Amino acid sequence: MINEGEGGALVEEWVELANGCICCTVKHSLVQALEQLVQRKERLDHILLETTGLANPAPLASVLWLDDQLESAVRLDSIITVVDAKNLLFQIDKYRHLSSYPEAIHQIAFADVVILNKVDLVSPERSGDSLDELEKEIHEINSLAHVIRSVRCQVDLSEVLNCRAYDATHVTRLEGLLEEHQYKSSQNLHDNNVRTLSICEPLAVNLDKVRLWLEEILWDKKDGMDVYRCKGVLSVKHSDQLHTLQAVREIYEIVPARKWRTEEKQMNKIVFIGHHLNQDILQDSLRTCTLATT
Ligand SMILES: Nc1nc2c(ncn2[C@@H]2O[C@H](COP(=O)(O)OP(=O)(O)OP(=O)(O)O)[C@@H](O)[C@H]2O)c(=O)[nH]1
């Protein structure tokens, strides 16, 4: 980190972490280092953490999100993935018939914002290579991601900072995402691809049952399903509150966010991003959470 010291001199400061990749071995010391940094600075607006191009964002996202729940001074705002528009299709095509996925796919799947960069290198005339096609590919993996096209990553900062993507009480944004998802996802991929799908249930659910249901999916990988992220709104029995649901890998959070409005149709709507997702199993098993406890 480079700062202005006394008399305008530039001062370099280092926070040293034990040798290791921040996405796995040193994640806890990273959080401590971030907290120290915040305490030492008078004013720090944002921290941008750039991982290596081969990092899987999941462990880091989980640990920062968890830390946020522990009321740390540092909170996870959003995951931003920069995609090379020239090479994206090549990367995606490589995995189509494989059972494992390159990190490029994980990084799109976990992203809240995707910066589709180097758009100047994509020719709009070539069929199958247009920017719309690229956006469609991204949304088939993750229809909740906000895609911004750019050249040399020149983007409006308001689109990438203060997104509050993990803020359970920021319901307006979440509802907007769930609404947009309907138009973006084509739902025509095979079940074993990394993709987004959504389920709806009009009847109110039993909260304890939903927790067990979710834990079976996220922790036990019910029927081989592997969920990366999950977002949704819940209509909970005996509650006048709209509840929000968020999950990153095994960690999830369900919180009351606001009162249902009288004109609103109360329902459960949940979007899953992951692979081997089975819409029928998810839909049917959620329905059992609406039944009375026996
Ligand atoms: N035409 C064009 N070139 C770009 C754009 N963005 C970056 N470049 C060039 O692409 C080359 C590689 O840069 P990046 O893709 O940013 O490199 P990177 O993968 O982030 O590299 P590391 O940070 O070292 O991992 C450089 O020569 C950049 O000038 C863009 O939008 N359009």
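None of these values were measured; they are calculated from a predicted model. If you read the sequence from its start, that first residue is 1, and numbering goes on from there.
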Next item on the list: Give the C-alpha distance, both sets of side-chain angles, the deciding distance and a yes or no for side chain to side chain contact (heavy atoms under 4.5 Å, CB included) between Leu291 and Lys209.
Entry: CA-CA 9 Å; Leu291 305 173; Lys209 285 189 175 186; 4.1 Å; yes
Note to self: Before you tell me yes or no, could you show the steps for Asp77 and Arg164 under side chain to side chain contact (heavy atoms under 4.5 Å, CB included), namely the whole-Å CA-CA distance, both residues' side-chain angles and the distance that decides it to 0.1 Å?
What the structure shows: CA-CA 5 Å; Asp77 183 61; Arg164 293 166 62 193; 4.1 Å; yes
Item checked: Working for side chain to side chain contact (heavy atoms under 4.5 Å, CB included), residues Gln283 and Leu197 -> CA-CA 11 Å; Gln283 183 75 60; Leu197 65 74; over 6 Å; no
Notebook entry, point to check: Please walk me through it: do Leu144 and Ile273 pass side chain to side chain contact (heavy atoms under 4.5 Å, CB included)?
Noted result: CA-CA 9 Å; Leu144 298 179; Ile273 303 171; 4.2 Å; yes
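Side chains of Asp132 and Ser130: no donor on one and acceptor on the other come within 3.5 Å. Side chains of Thr196 and Asn142: a donor-acceptor N/O pair is absent below 3.5 angstrom, by distance only. Checking Tyr166 against Glu253 by side-chain atom types alone, no donor-acceptor pair falls below 3.5 Å.
Remark: the backbone N or O of Ser235 is paired with a side-chain donor or acceptor of Asn268 at under 3.5 angstrom. Put simply, the side chain of Ser285 gets close to the backbone of Leu282: a donor and an acceptor are under 3.5 Å apart. In this structure, Arg195 contributes its side chain and Leu277 its backbone to a donor-acceptor pair below 3.5 Å. In this structure, the side chain of Asn206 does not engage the main chain of Cys289 through any donor-acceptor pair within 3.5 Å. Of the possible polar contacts, one joining the Ser239 side chain to the Gln241 backbone as a donor-acceptor pair under 3.5 Å is found.
Residues Ile115 and Val83 fall into different hydrophobic clusters, defined by Ile, Leu, Val, Met, Phe, Trp and Tyr side chains chained together at heavy-atom separations under 4.5 Å. Clustering ILVMFWY residues whenever any of their side-chain heavy atoms sit less than 4.5 angstrom apart, transitively, puts Ile108 in the very cluster that holds Val119. A continuous path of Ile, Leu, Val, Met, Phe, Trp and Tyr side chains, each step under 4.5 Å between heavy atoms, connects Ile80 with Ile148, placing both in one hydrophobic cluster. Criterion: ILVMFWY side-chain heavy atoms under 4.5 Å apart, direct or through other members. Under it, Val122 and Val151 are part of a common hydrophobic cluster. Criterion: ILVMFWY side-chain heavy atoms under 4.5 Å apart, direct or through other members. Under it, Val160 and Leu48 are part of a common hydrophobic cluster.
Using a 4.0 Å cut-off between charged side-chain N and carboxylate O, Glu201 and Lys269 make no salt bridge. Using a cutoff of 4.0 Å between basic side-chain nitrogens and carboxylate oxygens, Lys118 and Asp120 are not scored as salt-bridged.
Nearest heavy atoms, Ala165 versus Ser78: CB-CB, 4.1 Å. For the residue pair His275 and Tyr228, the shortest heavy atom distance occurs at ND1-OH, 3.1 Å. When all heavy atoms are compared, the tightest approach of Ser150 to Val155 is CB-CG1, 3.8 Å.
For the side-chain contact (heavy atoms from CB on, under 4.5 Å) with Val147, the qualifying choice from Leu134, Thr81, Val114 is Val114, the only one to do so.
One finds the CG atom of Leu49 at 6.5 Å from the CG atom of Leu64 (value rounded to the nearest 0.5 Å). Annotation: the span from Glu250 atom CD to Ile217 atom CD1 amounts to 13.0 Å, rounded to 0.5 Å. A distance of 9.0 Å separates CG of Asp45 from CG of Leu161, quoted to the nearest 0.5 Å. For the atom pair Ile270 CD1 and Trp213 CH2, the distance stands at 3.5 Å (nearest 0.5 Å). In this structure, Ile281 CD1 and Leu286 CG are separated by 13.5 Å, a value rounded to the nearest 0.5 Å. Taken to the nearest 0.5 Å, the CZ atom of Arg229 stands 12.5 Å off from the CG atom of Leu218.
With sequence neighbours excluded, no residue satisfies ring-ring contact (aromatic ring centres under 6.0 Å, His included) with Phe272. With sequence neighbours excluded, the residues forming a salt bridge (charged side-chain N to carboxylate O under 4.0 Å, His left out) with Arg258 are Glu175, Glu264, listed by chain and number.
Residues Leu207 and Ile254 form a side-chain contact, since some pair of their non-hydrogen atoms from C-beta on lies under 4.5 Å apart. Looking at heavy atoms from C-beta onward, Ile138 lies in side-chain contact with Leu116 at the 4.5 angstrom threshold. Counting only heavy atoms from C-beta outward, the side chains of Cys153 and Val82 approach each other to under 4.5 Å. Val210 has its side chain within reach of Leu234: a pair of non-hydrogen atoms, C-beta onward, lies under 4.5 Å apart. The closest side-chain heavy-atom distance from Val113 to Cys163 is below 4.5 Å. Looking at Ile199 and Gln279, their side chains come closer than 4.5 Å, going by heavy atoms from C-beta outward. Residues Ile141 and Ile105 meet the side-chain proximity criterion, which asks for heavy atoms closer than 4.5 Å.
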Name every donor-acceptor pair, under 3.5 Å, that has one atom in a side chain of residues 220-227 and the other anywhere in the protein, sequence neighbours excluded.
from, atom 1, to, atom 2, distance (Å)
Lys221, NZ, Asp226, OD1, 3.1
Asp226, OD1, Arg249, NH1, 2.6

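Annotation: His238, atom NE2; neighbour count of heavy atoms from other residues, nucleotides and ligands within 6.0 Å does not exceed 12.
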